[in-house]
Amino acid sequence: MSGPEALAALARDAADCTRCPLYRDATQTVFGEGAAEAPLMLVGEQPGDQEDRKGHPFVGPAGGVLDRALEAAGIARGAVYVTNAVKHFKFKQRGKRRLHKGPNAGEIAACRWWLDRELALVQPSLVVALGASAAHALLGRAVTISRTPGRVMEASGDVRLLVTTHPSAILRVPDAEARAKAFDALVADLVVAREAA
């Protein structure tokens, strides 16, 4: 089975995942997408509300920020593989709105099984962890993002990793100037990733 076929089969298997309780409330599993042999894999935390409804990673507001950052860094989204550490949307209901709730260590560990298989099939030259939860999933320990900007490090096995800010964190920066700086920092990290991959 070729890379694209193997990833498609894995995504079909993941659609029935019950490895942790998150599947009960989520609309669907949101599996990774992109180039089957991408040199660069981007790993986020978990699907958001829009991703859960549409079934695709990074298609909501954070996805818009990521798309702009990739373009600014000279990276075609179709040339990378994009996924999340956790494949189901975790949220708390507030009225009609579903508000993001971060996954816990057990949920991240349960979903690591899927992420390991994606890594084995895609075999990227470099993985970009978008945010602390993704970094925790890939390193097995907590990471302070502000201490790792633009630095490529070794993760488990032969995986090389760069940790950067999750695009949703940029959306939450209230000040326009600080938000622009945070976006520029994400772009700079993606440029380092592009060159390292």
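Note that the structure is a prediction, hence the values are computed from the model and not measured.
- Separation of atoms CD (Q46) and SG (C111) is listed at 10.0 Å; rounding is to 0.5 Å.
- A salt bridge does not link K101 to E107: none of the charged nitrogens lies less than 4.0 Å from a carboxylate oxygen.
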Let's go through D52 and R98 carefully: what are the C-alpha distance in whole Å and the side-chain angles of both, what is the deciding distance for side-chain contact (heavy atoms from CB on, under 4.5 Å) to 0.1 Å, and is it a yes or a no?
CA-CA 11 Å; D52 179 60; R98 301 187 309 167; 2.8 Å; yes
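- When the side chains of ILVMFWY residues are joined at heavy-atom separations under 4.5 Å, either directly or via intervening members, V65 and L162 end up in a single hydrophobic cluster.
- The two residues V128 and A193 have their closest heavy-atom pair at CG2-CB, 3.6 Å.
- Taking all atoms of both residues into account, the shortest heavy-atom contact from A79 to P39 is O-CD, 3.9 Å.
- Between V173 and K181, every side-chain heavy-atom pair lies at or beyond the 4.5 Å cut-off.
- Under a hydrophobic clustering in which Ile, Leu, Val, Met, Phe, Trp and Tyr are joined whenever their side-chain heavy atoms come within less than 4.5 Å, directly or via other members, L126 and V192 fall into the same cluster.
- Side-chain atoms of Q50 do not come within 3.5 Å of backbone N or O of P61 as any donor-acceptor pair.
- The shortest distance between side-chain heavy atoms of I170 and R68 does not fall below 4.5 Å.
- Counting heavy atoms from C-beta outward, V122 and T83 have side chains that stay 4.5 Å or more apart.
- Taking the side chain as every heavy atom from C-beta outward, E45 and P103 approach each other to under 4.5 Å.
- For A36 against G3, the heavy-atom pair with the smallest separation is CB-C, 3.8 Å.
- Closest approach of G74 and R194 over heavy atoms only: O-CD, 3.8 Å.
- The shortest non-hydrogen separation linking V43 to A85 is CG1-N, 3.7 Å.
- In this structure, CZ on R77 lies 4.5 Å from CG on D67, to the nearest 0.5 angstrom.
- Between the side chain of Q93 and the backbone N or O of G95 there is at least one donor-acceptor pair closer than 3.5 Å.
- Using a 4.5 Å heavy-atom threshold, the side chains of Y23 and D16 count as separate.
- A 4.5 Å side-chain heavy-atom check between L119 and R112 finds at least one atom pair inside the cut-off.
- Tracing side-chain contacts under 4.5 Å through hydrophobic residues (I, L, V, M, F, W, Y), one reaches F31 starting from V127; they form part of the same cluster.
- R160 places a side-chain N or O within donor-acceptor distance of the main-chain N or O of S125, the cut-off being under 3.5 Å.
- Atom CD in E118 sits 9.0 Å away from atom CG in N84 (nearest 0.5 Å).
- Cluster annotation: L130 and I75 are assigned to the same hydrophobic cluster (Ile/Leu/Val/Met/Phe/Trp/Tyr, side-chain heavy-atom contacts under 4.5 Å, transitive).
- Of the inter-residue distances, the one linking Q123 atom CD with M41 atom CE reads 10.0 Å to the nearest 0.5 angstrom.
- Rounding to the nearest 0.5 angstrom, the gap separating the CG atom in L161 from the CZ atom in R151 is 10.0 Å.
- Residues R117 and D13 are not paired through a salt bridge, judged by the lack of any N-O separation under 4.0 Å between the basic side chain and the carboxylate.
- R94 places no side-chain N or O within donor-acceptor distance of the main-chain N or O of L99, the cut-off being under 3.5 Å.
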Would you sort out whether F89 and V30 count as a side-chain contact (heavy atoms from CB on, under 4.5 Å), showing the intermediate values?
CA-CA 8 Å; F89 179 38; V30 180; over 6 Å; no
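- Residues T29 and W114 form no side-chain contact, since every pair of their non-hydrogen atoms from C-beta on lies 4.5 Å or further apart.
- Hydrophobic clustering, with ILVMFWY side chains joined whenever heavy atoms are under 4.5 angstrom apart, keeps L115 apart from I108.
- Within the model, atoms NZ of K87 and CD of Q28 stand 13.5 Å from one another, a figure rounded to the nearest 0.5 Å.
- When all heavy atoms of R19 and A110 are compared, the pair lying nearest together is NE-O, 3.1 Å.
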Pair F91, D49 - check side-chain contact (heavy atoms from CB on, under 4.5 Å), show working.
CA-CA 8 Å; F91 62 92; D49 181 66; over 6 Å; no
Between Y81 and L7, is the side-chain contact (heavy atoms from CB on, under 4.5 Å) condition met? List the steps.
CA-CA 11 Å; Y81 186 84; L7 280 168; 3.8 Å; yes
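- Side-chain atoms of C17 and H88, non-hydrogen and from C-beta on, do get closer than 4.5 Å to each other.
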